[in-house]
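Only this structure's heavy atoms are used, side chains among them; waters, hydrogens and symmetry mates stay out.
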Amino acid sequence: YAGITKSFAVTPIAGNHDYSTEGARPFREAFLLPENGGEQGHERWFSFDWSQVHFVALDTEVIGPEQAAWLDADLSANQKPWTIVYAHKPAFSSGEHGSDYEVRQVFHPILQKHRVPLVLNGHEHDYERTTPQDGVTYIVTGGGGRGTRAVGSSTFTAFSEDVLHFVQVEVHEQELFVHAIDGVGREFDSLRLARNR
């Protein structure tokens, strides 16, 4: 990670491969992560503010009532105009692994309750944007690294493609823009969200 972290701040969340080694302990030792997730969530789930955005990182490898209660309390206390949640496994996916129903069952009602506009996920090696699910738009952005995998579409899919890419999020006072950009610099998908809180 040294080359990446020299250039900009990195606040990642652990995924399934990180947990295959000592419960993701080496991952947590490599990064200085926020420690506001409580005793059970120490550097596993957390939140932080950056400018106008409240970011919430969820651990989809350790799902349970402690994290759900923490998420509800954290979002209740949020005073920022925008909220972006990110996690590894997606609640909605048409990719190889498919939707993670535990993530959907535990977290989606809380995200809906607090009117979270955008959730970013990895795990799948593709790009997929959902139509708003009870007001929440989910984006799988797993197009970096070791290649892509085929992705289909589902009733919740607004756009999907197996493409190497990155996602840039641009935040303004009343609008948020998502730009999905492929390996040659082409913007192949975009999204505009109006502020809803």
Determine, using ring centers only, whether Tyr127 and Phe188 are less than 6.0 Å apart.
yes

In the single-linkage hydrophobic clustering (I, L, V, M, F, W, Y; side-chain heavy atoms under 4.5 Å), do Val85 and Val53 co-cluster?
no

Could you report the tightest heavy-atom contact between Ala194 and Trp82, atom names first, then the distance?
C-CH2, 3.8 Å

Closest non-hydrogen atom pair, Ile110 against Ala68:
CD1-O, 3.5 Å

Report yes or no: do Val56 and Val103 belong to one cluster of Ile/Leu/Val/Met/Phe/Trp/Tyr joined by side chain heavy-atom distances under 4.5 Å?
yes

If hydrophobic clusters are built by linking Ile, Leu, Val, Met, Phe, Trp and Tyr wherever their side-chain heavy atoms come under 4.5 Å apart, do Leu75 and Trp70 end up in the same one?
yes

Interatomic distance, CG@Asp189 vs NE2@His165, rounded to 0.5 Å, equals 9.5 Å

Would you call the rings of His123 and His97 parallel, tilted or perpendicular, where under 30° means parallel and over 60° means perpendicular?
parallel

Please evaluate residues Glu96 and His125 with respect to the criterion side chain to side chain contact (heavy atoms under 4.5 Å, CB included), reporting the C-alpha separation (whole Å), side-chain torsions for both, the decisive distance (0.1 Å), and the verdict.
CA-CA 8 Å; Glu96 179 179 302; His125 294 210; over 6 Å; no

Determine yes or no for a side-chain-to-main-chain donor-acceptor pair under 3.5 angstrom, with Thr148 supplying the side chain and Gly143 the backbone.
no

Between the CZ atom in Phe107 and the OG1 atom in Thr60, the distance rounded to the nearest 0.5 Å is 7.5 Å

Phe27 versus Leu33: any side-chain heavy-atom pair under 4.5 Å?
yes

Heavy-atom pair with the smallest gap, counting every atom of His114 and Ser76:
CE1-OG, 3.1 Å

Close side-chain approach of Gln133 and Gln112, heavy atoms under 4.5 Å:
no

Any donor-acceptor N/O pair, Arg28 side chain to Gly23 backbone, under 3.5 Å
yes

Do we see a donor-acceptor contact under 3.5 Å between the side chains of Ser160 and Ser153?
no

hydrophobic_cluster_shared for Val140 and Phe156, side chain cutoff 4.5 Å:
no

The ring-ring contact (aromatic ring centres under 6.0 Å, His included) partners of His54 (sequence neighbours excluded) come to none

Is there a side chain to side chain contact (heavy atoms under 4.5 Å, CB included) between Tyr19 and Asp59 once you walk through the steps?
CA-CA 11 Å; Tyr19 268 91; Asp59 190 331; 2.4 Å; yes

Flag side-chain contact, heavy atom, 4.5 Å: His108 against Tyr138
yes

Can you find a pair of side-chain heavy atoms, one from Thr11 and one from Tyr86, that are under 4.5 Å apart?
yes

From CA spacing to verdict: side chain to side chain contact (heavy atoms under 4.5 Å, CB included), Asp100, Ser93
CA-CA 8 Å; Asp100 189 296; Ser93 170; over 6 Å; no

List the steps and the verdict of side chain to side chain contact (heavy atoms under 4.5 Å, CB included) for Phe92 and Val119.
CA-CA 10 Å; Phe92 297 88; Val119 176; over 6 Å; no

Would you say the side-chain atoms of Gln174 and His172 include a donor-acceptor pair closer than 3.5 Å?
no

Gly122 and Pro90: which non-hydrogen atoms are nearest, and at how many Å?
O-CD, 3.8 Å

What's the spacing between Trp45 CH2 and Leu58 CG if we round to 0.5 Å?
9.5 Å

Please work out which of the three classes, parallel, tilted or perpendicular, describes the rings of His179 and Phe177, given edges at 30° and 60°.
parallel

If every non-hydrogen atom of Gly15 is compared with every non-hydrogen atom of Asp18, which pair is closest and at what distance?
N-OD2, 2.8 Å

For Glu22, I'd like to know if atom CD has over 12 heavy atoms of other residues, nucleotides or ligands within 6.0 Å.
yes

Nearest heavy atoms of Phe46 and Pro12, plus distance in Å
CZ-O, 3.5 Å

Glu173, CD atom: more than 12 neighbouring heavy atoms under 6.0 Å
no

Separation between CG (Leu111) and OG1 (Thr137), nearest 0.5 Å, reads 12.0 Å

Okay, side chain of Lys89, backbone of Asn121: is any donor-acceptor separation there less than 3.5 Å?
no

Residue pairs passing the salt bridge (charged side-chain N to carboxylate O under 4.0 Å, His left out) test with at least one member in residues 102-125, sequence neighbours excluded, are Asp72-Lys113

Quick one: does Gln67's side chain have a donor or acceptor within less than 3.5 Å of a partner on Val62's backbone?
yes

About how many Å separate CG of Leu191 and CD1 of Ile139, when rounded to the nearest 0.5 Å?
5.5 Å

Thr157 side chain to Thr130 main-chain N or O, any donor-acceptor pair under 3.5 Å?
no

Sequence-distant partners of Glu35, salt bridge (charged side-chain N to carboxylate O under 4.0 Å, His left out), two or more places apart:
none

Which distance, rounded to the nearest 0.5 Å, do you find between the CD of Gln168 and the CD of Glu187?
8.5 Å

Co-membership, hydrophobic cluster, residues Leu71 and Phe48, 4.5 Å side-chain
no

